[in-house]
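All of these numbers come straight from a predicted model, not from anything done at the bench.
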Amino acid sequence: MMVNDAMQIFERFKENPIIMVSDIPYPANSVFNAAATEVENEILLLMRVEDRRGISHFTTAKSRDGVTDWTIGEAPVMKPCIQTHEEEKWGIEDPRITYLPEMKKWIIAYTAYSKFGPMVALAFTEDFVSFERLGTVMPPVNKDAALFPVRFNGRWAMIHRPVSTYAGAHIWISFSPDLIHWGEHRALIEARSRPWWDSAKVGLSPQPIRTDEGWLILYHGVKTTAAGSIYRNGLALLDLEKPTRLIARSDEWVFSPEEEYERTGDVDNVVFPCGWIEQDNNIRIYYGCADSCIATATANKTSLLAWLRNHNSLVK
């Protein structure tokens, strides 16, 4: 595999898309932007499903091989809880899952959406049947959040994406002693200026993955064109001990809308991964396509890191 050829890094599953709205066993408008993890020797997707009102909730899908024979929940597993969390009144969106070995629980970072705008919210689960909400931990406008699986100097770390009318939409990192109170906010990856592929805004895609070279980050970058926005994906690498230190960032995008199911949908020209898993040095991403369905693609981790070294804009 040529590490300098982005077209060959991620290989799409030939039978994409793997889950469509017609697979959901109840009325819905679309299914997309799914988090992913492994539970009891199965791949579990926590899928964003938008109902016919336009309000999103989460439903699970499970598969032994992670690509076929999906068992989809008969009903939503997590719905907006407006009785206790008014910030979810317009829906819950775009989950990311991190397993915390210290707590023996999964933590889900998701977007709570209401008239106040999108906010970052957290919830624990041990079984993806019941969920313990921690509530919103970042005020609006903020989204695209995920946690690291370990503490740094005794504190948890979370990547997120606040939006400022003054400074734009960039990726930030924050720290917390208890997962509730967050501080030491720092900008981590900035949107670049025109005409770059990630000039309009950037945001984290799935949760960080630990590698021998650093924490591997897949992020989405948006470019605004005369025909509308294009959502593509790039790579970055953070220092293993000091995740505030960015040590690599790709100059080019590594994954981009190409297929018809990625080009045309409720929101055209979008590939939006919220989940990935690592198995035998291979990384499989699960991504929303044009806000209308879910697809998957795989890449060799060694090749991803080699490609990033060859395309590291920080050393050019």
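Qualifying ring pair (Phe, Tyr, Trp, His ring centres under 6.0 Å) partners for Tyr287, counting only residues two or more places apart in sequence or in other chains: Phe255. A search for ring pair (Phe, Tyr, Trp, His ring centres under 6.0 Å) contacts involving Tyr219 returns Trp197, not counting sequence neighbours. Qualifying side chain to side chain donor-acceptor pair (under 3.5 Å) partners for Ser199, counting only residues two or more places apart in sequence or in other chains: none. Arg245 pairs by the salt bridge (Lys or Arg N to Asp or Glu O under 4.0 Å) definition with Asp239, not counting sequence neighbours. With sequence neighbours left out, Glu11 forms a side chain to side chain donor-acceptor pair (under 3.5 Å) with no residue at all.
Evaluation of the ring-ring contact (aromatic ring centres under 6.0 Å, His included) test over residues 21-48, restricted to residues two or more places apart or in two chains, returns Tyr26-His57.
Here Val141 is tied into one hydrophobic group with Val163, each link being a pair of ILVMFWY side chains closer than 4.5 Å. As a member of the Ile/Leu/Val/Met/Phe/Trp/Tyr network built from side-chain separations under 4.5 Å, Trp172 groups with nothing else and remains a singleton.
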Mind listing the side-chain donor-acceptor pairs of residues 227-237 below 3.5 Å, one per line with the distance, residues two or more places apart or on another chain?
residue : atom : partner : partner atom : Å
Tyr231  : OH   : Lys201  : NZ           : 3.3
Arg232  : NE   : Ser256  : OG           : 3.2

Review item, side-chain donor-acceptor pairs of residues 67-81, under 3.5 Å, at least two apart:
residue : atom : partner : partner atom : Å
Thr68   : OG1  : Asp65   : OD1          : 3.3
Thr68   : OG1  : Asp65   : OD2          : 2.6
Trp70   : NE1  : Val67   : O            : 3.1

Would you be so kind as to tabulate the donor-acceptor pairs closer than 3.5 Å made by side chains of residues 104-121, with sequence neighbours excluded?
residue : atom : partner : partner atom : Å
Trp106  : NE1  : Thr37   : OG1          : 3.1
Tyr110  : OH   : Glu88   : OE2          : 2.7
Ser114  : OG   : Phe116  : N            : 3.2

For residues 48-55, please give each side-chain donor-acceptor pair under 3.5 Å, one per line with the distance, not counting sequence neighbours.
residue : atom : partner : partner atom : Å
Arg48   : NE   : Ser56   : OG           : 2.9
Arg48   : NH1  : Asp94   : OD1          : 3.0
Arg48   : NH2  : Ser56   : OG           : 3.4
Arg48   : NH2  : Glu93   : OE2          : 3.3
Glu50   : OE2  : Asn29   : ND2          : 2.8
Asp51   : OD1  : Arg53   : N            : 2.8
Asp51   : OD1  : Gly54   : N            : 3.0
Asp51   : OD1  : Ile55   : N            : 3.0
Asp51   : OD2  : Arg53   : NE           : 3.0
Asp51   : OD2  : Arg53   : NH2          : 2.8

